[in-house]
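The structure appears right after this line, and notes come after that.
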Number of protein chains: 2
Amino acid sequence: MPTQTKENYLKAIYFLDQNNSEVTLTALGKLMEVSTPTVNNMVKKLATKGWVNYEKYKPLTLTDLGKKDAALIVRKHRLTEMFLVQIMGFGWEEVHEIAEEMEHLNSEVLFDRMDLILGNPTQDPHGSPIPDKDGNFTRKKYLKLSDLRQGDVAYLRAVGDSSAELLLLLNAKNIKLGTQLQVAEIESYDKSMVVRIENSSNSTFSYEVCKRLLVEKI
Amino acid sequence: MPTQTKENYLKAIYFLDQNNSEVTLTALGKLMEVSTPTVNNMVKKLATKGWVNYEKYKPLTLTDLGKKDAALIVRKHRLTEMFLVQIMGFGWEEVHEIAEEMEHLNSEVLFDRMDLILGNPTQDPHGSPIPDKDGNFTRKKYLKLSDLRQGDVAYLRAVGDSSAELLLLLNAKNIKLGTQLQVAEIESYDKSMVVRIENSSNSTFSYEVCKRLLVEKI
DNA sequence: TAATATTTTTCGAATAACCATAATTATATT
DNA sequence: AATATAATTATGGTTATTCGAAAAATATTA
């Protein structure tokens, strides 16, 4: 039985993995906000259930099953987000929390129906890919705004963090997916950037923010 | 913290109460499919949390809080059912199970939005009333088809059971809410009825079925 | 490589939700 | 009053989740 906690562990391992970071127990513990022994204990259980490959003192990996199941949870999450925005009229900053709850629902038909209604979307409202029913997806290679150079022009394609805080900040500047951004200036001291938005207004964003704006160069 | 099990107890007590049946521990146990000591134990907890009035050896009642909270769970359930049918295109026989899961979601905004999109519906797809945000609703007084006499004509207004089995049976006969039904014959032996549907075809229904067809006489 | 720091593991245990059986005690019925 | 029914208490079990302390392994660094 995949319980909610186990699903969250699975997701966490999955995300660390995607990040190319080694999946260590301490990293997992930090992410899940529990102690290392707790993680160790849980990981053993996940291993006996066939979700992770676990050998003492070695970094974790997901089994094929684990990868698939994690991807399917992410699928539920992102389909839900898309449905909430496209069909129910929520703002992109409101949906993460709701989806966090709904991703644990078991009714497959519900998510299948969302998928159908949305026309098999491949991206969620934050530009992240939606895995298909087999757990497969193609991650587009985007650049971080923070990696661009002065004068570069790009379009916002995804945000690396779907927290309400970041999204509200973008809302305030009228920035959405697809918005054109040009690096007007880079402050070398703190790597903050002055960004020209859609060829009209300029705004300054911290490095922390720019790192999370995933763009495609023109 | 209302856990899923506690919410289900609350709902069960609420339904027994609505049924005018005395809420005894054995009745509850039967409904919840657990032993009486288990119920007893749980009821004490519900009492300390302020949801039920519990005195030893006396039948249970819900407190005002209990009534409200139970009604709010029912609200979530029925709003969800309505949303699934009206907006997502599910059949009335498919939605009970999904709503059974979704009623335990905490995101209030989700249900508020459903309510808004649906235009504050007062009935679910099975004709049951949807409590408002304060937990209030008015239950329409319907008759059971099984209580009508030969020749009586009535419209189906609600079904007393939203199991897929019953609803599929009705689907097969093309019976929906609003369908006109006339009692053509009553078999005194087993109280089954021959029913004329929309002035065209006749079908026989068992007493068990007729009891669950809630109608309004013409 | 030896010393030190960091991670991981094991161990022992706690808590919270559930649930059950057996035996006792009330209450209801006849 | 005797009997049947229902509720209660007592006791105990499982599962899921978590922790801290101490030991063991691995990694780092001087």
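We use all heavy atoms of the structure for the numbers below, so side chains are in, but hydrogens, waters and symmetry mates are not. Numbers restart at 1 for each chain; the letters A, B, ... are given by sequence-line order, proteins then strands.
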What residues form a side chain to side chain contact (heavy atoms under 4.5 Å, CB included) with [X], not counting sequence neighbours?
X        : result
B/Asn106 : A/Glu101
A/Leu25  : A/Thr36, A/Val39, A/Asn40, A/Val43, A/Leu60
B/Asn8   : B/Lys11, B/Met32, B/Glu103, B/His104
A/Ser35  : A/Pro37, A/Thr38

Could you list by number each residue of residues 19-38 of chain B showing a heavy-atom separation from DNA chain C of less than 4.0 Å, or answer none if no residue does?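 Correct list: B/Val34, B/Ser35, B/Pro37, B/Thr38.
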Can you check the [X] [atom1] to [N] [atom2] distance for me, whole Å?
X       : N      : atom1 : atom2 : value
A/Glu55 : C/dT9  : CD    : P     : 11 Å
A/Lys49 : D/dA16 : NZ    : C1'   : 11 Å
A/Asn8  : D/dT18 : CG    : P     : 10 Å
A/Asn40 : D/dA21 : CG    : P     : 18 Å
B/Gln4  : D/dA16 : CD    : P     : 15 Å
B/Met42 : D/dA7  : CE    : P     : 17 Å
A/Asn41 : D/dA16 : CG    : C1'   : 10 Å
A/Lys45 : D/dT14 : NZ    : C1'   : 12 Å

With B/Asn41 via side chain to side chain donor-acceptor pair (under 3.5 Å) - residues at least two apart: none
Residues forming a side chain to side chain donor-acceptor pair (under 3.5 Å) with A/Lys176, sequence neighbours excluded: A/Asn174
Just so I know, are the side chains of B/Leu28 and B/Ile13 near enough to count as touching, which here means a heavy-atom distance under 4.5 Å?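 Side-chain contact under 4.5 Å: yes.
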Across all chains, not counting sequence neighbours, the ring-ring contact (aromatic ring centres under 6.0 Å, His included) partners of A/His96 are A/His77
For B/His126, enumerate each residue passing the ring-ring contact (aromatic ring centres under 6.0 Å, His included) test, keeping only those at least two apart in sequence or located in another chain. none
For C/dC18, take OP1 and OP2 only and decide whether either is under 4.0 Å from a side-chain N or O of B/Tyr9. no
Between B/Glu108 and B/Lys76, is there a salt bridge with N-O shorter than 4.0 Å? yes
Indicate, with a heavy-atom threshold strictly under 4.0 Å, whether B/Lys58 touches base, sugar-phosphate, or nothing.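 No contact.
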Would you work out how much the helix from C/dT1-D/dA30 to C/dT30-D/dA1 bends between its ends, with each end axis defined by five base pairs, to 10 degrees?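 Angle reported: 10°, given to the nearest ten degrees.
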Between protein and nucleotides 24-30 of chain C, map the contacts as a letter string: B base, S sugar-phosphate only, - none, heavy atoms under 4.0 Å, written 5' to 3'. -BSS---
Quick one: salt bridge (charged side-chain N to carboxylate O under 4.0 Å, His left out) pairs with a partner in residues 121-143 of chain B, sequence neighbours left out?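 Only B/Arg78-B/Asp124, B/Asp112-B/Lys133 qualify under salt bridge (charged side-chain N to carboxylate O under 4.0 Å, His left out).
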